[in-house]
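My questions all concern the structure below.
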Amino acid sequence: MIKEIKNICCLGAGYVGGPTMSVIADKCPAIDVNVVDINPNRIEKWNNPNLSDLPIFEPGLYEILKKCLNRNLFFSSDIKEKIANADMVFISVNSPTKLKGIGAGMACDIKWIELSARQIAKYSRGNTIVVEKSTVPVGTAEIIKKILKESQEEDYKNNIDQKTFSILSNPEFLSEGSAINDLCNPDRILIGGDNEESIKALENIYLNWIEEKKILRTNLWSSELSKLTANAFLAQRISSINSIGAICELSGANINEVSKAIGMDSRLGSKFLQSGPGFGGSCFPKDILNLIYIAKFYGLNEVASYWSTVIELNNWHKKRISQIIIQKLFGTISGKKIAILGFAFKANTNDTRESPAINICKDLIEEGSKLFIYDPQVSALQIEKDLDFKQIKNKSSEQSGWIFANSIEEASTNSDAIVVLTEWEEFKNLNWENLFKIMRKPSWIFDTRNISNTTRAKELGFNIWKVGNNNII
Ligand code: NAD
Ligand code: UGA
């Protein structure tokens with residue numbers, strides 16, 4: 001019999017758990033959706049009654065929370081009770097790269113997934129459908145199954161009421177910054193599993209707002225591997241276009257023109273061909289590393305080295321940008337003030353995980369410059385953690401390092417250069433007249449996103465470098 005889902009518990013109130021469960025609560029008012037987290041501070045922020053200072057910034061999220069929070073969407077630290085009451089438990093916890101031990105720097109650390117499985121084994125009651133939403137190495141569902149099976153056997157020995165479980169893989173394909181739209185209008189919903197009734201129960205939730213033809217069923221392992229593969233293919237396109245951008249800069253070609261020309265080929269498509277400072281984010285680097293590790297594990301060394309080049313090119317490209325900035329500023333940036341516009345790994349998010357800005361800023365500080373960093377959504381505290389470097393206290397000191405700026409103008413005053421690192425809307429049409437007055441001469445603009453309209457800047461006498469362009473001086 002197909003189970004009617006009335007109560008959901010989601011483990012993990014992060015960038016995936018928060019928005020995904022908010023959309024489910026919005027689209028399925030008859031279901032109670034409980035999001036739990038082992039981090040009480042995160043839960044406290046989601047429950048802030050003014051909906052201010054939310055743990056994540058995501059356009060459209062606030063409006064949904066306003067409707068659903070404490071109606072049928074609840075954030076809580078009571079993991080035990082929420083799992084016990086749930087018909088379906090989603091695992092949306094972090095799955096980062098391992099930092100030590102076997103496979104360090106490459107393999108996925110599934111310790112939070114394992115902990116989630118143990119919590120479900122301990123607290124669940126009756127029949128529970130477990131949905132793996134985190135991105136995991138292929139085969140992880142087997143580990144979850146084993147943990148749950150062991151707990152069933154223990155209960156049987158101790159004459160405790162039998163619990164039953166079924167496991168599904170349902171990876172998430174949302175992108176940060178457009179998460180709400182991606183969740184409301186996904187290209188596809190992927191469900192991997194072998195239990196027909198559980199698959200149907202999950203499908204029924206999605207059918208509240210998604211057409212049936214968009215729901216794709218596979219076996220568990222294809223589902224897990226498809227998620228890693230999708231991210232690897234997307235990241236590969238970015239490394240490819242950035243590699244061609246480097247040729248453009250030296251040959252007189254223009255990367256926007258090349259992207260457009262190849263993107264019009266329907267076999268290639270136009271998306272993910274935007275040259276930038278290199279890909280960042282919590283997932284592309286870690287998921288490709290995970291794929292490389294899996295290939296090595298199976299003895300497929302050529303496959304591993306093929307995917308390694310995507311990461312190598314990305315690292316080379318970030319370094320290349322720092323070196324160009326230094327070289328253009330007469331080969332030395334010691335004591336020079338540089339305005340950094342944007343620190344998030346992409347626009348419309350406050351997420352800085354693996355942001356290319358981190359490596360580029362570290363390189364520039366290392367060379368002796370003083371950075372004034374402005375990002376409309378990233379806090380000084382976050383930048384301090386990422387750079388692993390405290391802010392300079394005295395703004396007028398000669399010391400190299402960084403200072404938090406509250407506006408574009410504050411960041412740019414007396415600076416030698418502006419470096420655009422994130423494609424925030426407000427960096428597209430900068431007030432060049434004003435900037436030219438307040439900056440030191442010669443004034444430089446380094447646009448690593450190819451987004452700023454520099455026609456007026458050129459007329460005023462700015463020196464301009466744009467990624468992938470035959471640079472206009
Ligand atoms: P995140 O770090 O923002 O959130 C994960 C949360 O899980 C944290 O708040 C953590 O405290 C909590 N947690 C860890 N173990 C727990 C447990 N046992 N019980 C309850 N809570 C627990 O991570 P995220 O960005 O939301 O990513 C989650 C997963 O989704 C990862 O596997 C990631 O690869 C995948 N993913 C992320 C994105 C994205 O855009 N961020 C998109 C698709 C898939
Ligand atoms: C990415 C995928 O797009 C999602 O489908 C996936 O669910 C998610 O990873 C995940 O598994 O976490 P996300 O990292 O949020 O989403 O953001 P993207 O829009 O993919 O951007 C990733 C990086 O690539 C950013 O640094 C972005 O600036 C860069 N990028 C993207 C480019 O440099 N050029 C492009 O054309 C597109």
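Every number for a ligand or one of its atoms is a count from 1 in the order of the listing.
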Open item on the list: If the cut-off is 4.0 Å to any non-hydrogen atom of Ser92, which atoms of ligand 1 fall inside it?
Closed with: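 So the atoms of ligand 1 that pass are 5 (C), 28 (C).
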Open item on the list: If you define the side chain from C-beta out and look only at heavy atoms, does anything of Leu228 sit under 4.5 Å from Glu224?
Closed with: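 Of all side-chain heavy-atom pairs linking Glu224 with Leu228, none is under 4.5 Å.
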Open item on the list: Are there over 12 heavy-atom neighbours, none belonging to Glu366, within less than 6.0 Å of that residue's CD?
Closed with: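 Not buried by this count: 12 neighbours or fewer within 6.0 Å.
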Open item on the list: Taking 4.0 angstrom as the limit and counting only heavy atoms of Gly12, give me the atoms of ligand 1 inside it, by number and element.
Closed with: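 Close to Gly12: 6 (C), 7 (O), 12 (C), 20 (C), 21 (N).
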Open item on the list: I need the atoms of ligand 1 closer than 4.0 Å to a non-hydrogen atom of Tyr15, numbered in the order shown.
Closed with: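 In order of numbering, the contacting atoms are 3 (O), 24 (P), 25 (O), 26 (O), 41 (N).
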Open item on the list: So does Asn469 get a backbone contact from the side chain of Asn254, meaning a donor-acceptor N/O pair under 3.5 Å?
Closed with: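 No.
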- [ ] From atom 5 (C) of ligand 1, work out which of Asn94, Val136, Asp287, Thr349 has a heavy atom at the shortest distance.
- [x]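 Ranked by closest heavy atom to atom 5 (C) of ligand 1, first place is Asn94.
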TODO: Report, in ascending order of atom number, the atoms of ligand 1 lying under 4.0 Å from any heavy atom of Lys286.
DONE: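 Those qualifying, in numeric order: 33 (C), 34 (O).
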Task: Pairwise distance CD1(Ile360) to CD1(Ile340) - rounded to 0.5 angstrom - done: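 So the CD1 of Ile360 and the CD1 of Ile340 are separated by 8.0 Å.
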TODO: Answer side chain, backbone, both or neither: which part of Ser134 comes under 4.0 Å from ligand 1, heavy atoms only.
DONE: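 Near ligand 1, Ser134 shows its backbone as well as its side chain.
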- [ ] Classify the contact between Asp351 and ligand 1 as side chain, backbone, both or neither, using a heavy-atom distance cut-off of under 4.0 Å.
- [x]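 Asp351 to ligand 1: no contact under 4.0 Å from either part.
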Task: Side-chain donor-acceptor pair present, Glu172, Tyr15, cut-off under 3.5 Å - done: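 The answer is no; no qualifying pair exists.
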Open item on the list: Within ligand 1, which atoms have a heavy atom of Leu115 less than 4.0 Å away?
Closed with: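 In order of number, 18 (N).
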Open item on the list: Within the 4.0 Å heavy-atom shell around Glu176, which atoms of ligand 1 are there?
Closed with: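 That gives atoms 39 (C), 40 (O), 41 (N) of ligand 1.
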TODO: Specify the closest pair of heavy atoms between Ser355 and Phe343, including all atoms of both residues, with the distance to one decimal.
DONE: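 Heavy atoms only, the tightest pair is OG-O, 2.8 Å.
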- [ ] Write out the protein residues near ligand 2, meaning a non-hydrogen atom under 4.0 Å from one of its atoms, in order of chain and number.
- [x]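 Its neighbours under 4.0 Å (heavy atoms only) are Glu172, Phe173, Leu174, Ser175, Glu176, Lys227, Asn231, Leu234, Ile238, Phe272, Leu273, Gln274, Phe279, Gly280, Cys283, Phe284, Phe345, Lys346, Arg449, given by chain and number.
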Task: Element-labelled atoms of ligand 1 that are located less than 4.0 Å from some non-hydrogen atom of Lys227 - done: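 Selected atoms, number and element: 43 (C).
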Open item on the list: Nearest 0.5 angstrom please: Glu153 CD to Asp155 CG, how far?
Closed with: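 If I round to the nearest 0.5 Å, the distance is 10.0 Å.
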- [ ] For the pair Arg217 and Glu203, find out whether any cationic side-chain nitrogen is under 4.0 Å from an anionic carboxylate oxygen.
- [x]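 Judged by the 4.0 Å cut-off on N to carboxylate O distance, Arg217 and Glu203 do form a salt bridge.
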Task: Pair Trp46 + Phe74: ring centers closer than 6.0 Å - done: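 No.
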Open item on the list: On a heavy-atom basis, I'd like to know which of Ile43, Asp37, Asn290, Ile113 is closest to atom 6 (C) of ligand 1.
Closed with: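 Shortest heavy-atom distance from atom 6 (C) of ligand 1: Asp37.
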TODO: Check ligand 1 against Arg353 and write out every atom of the ligand that is under 4.0 Å from a heavy-atom position of the residue.
DONE: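 Listed by number with element, the hits are 1 (P), 2 (O), 3 (O), 23 (O), 25 (O), 41 (N).
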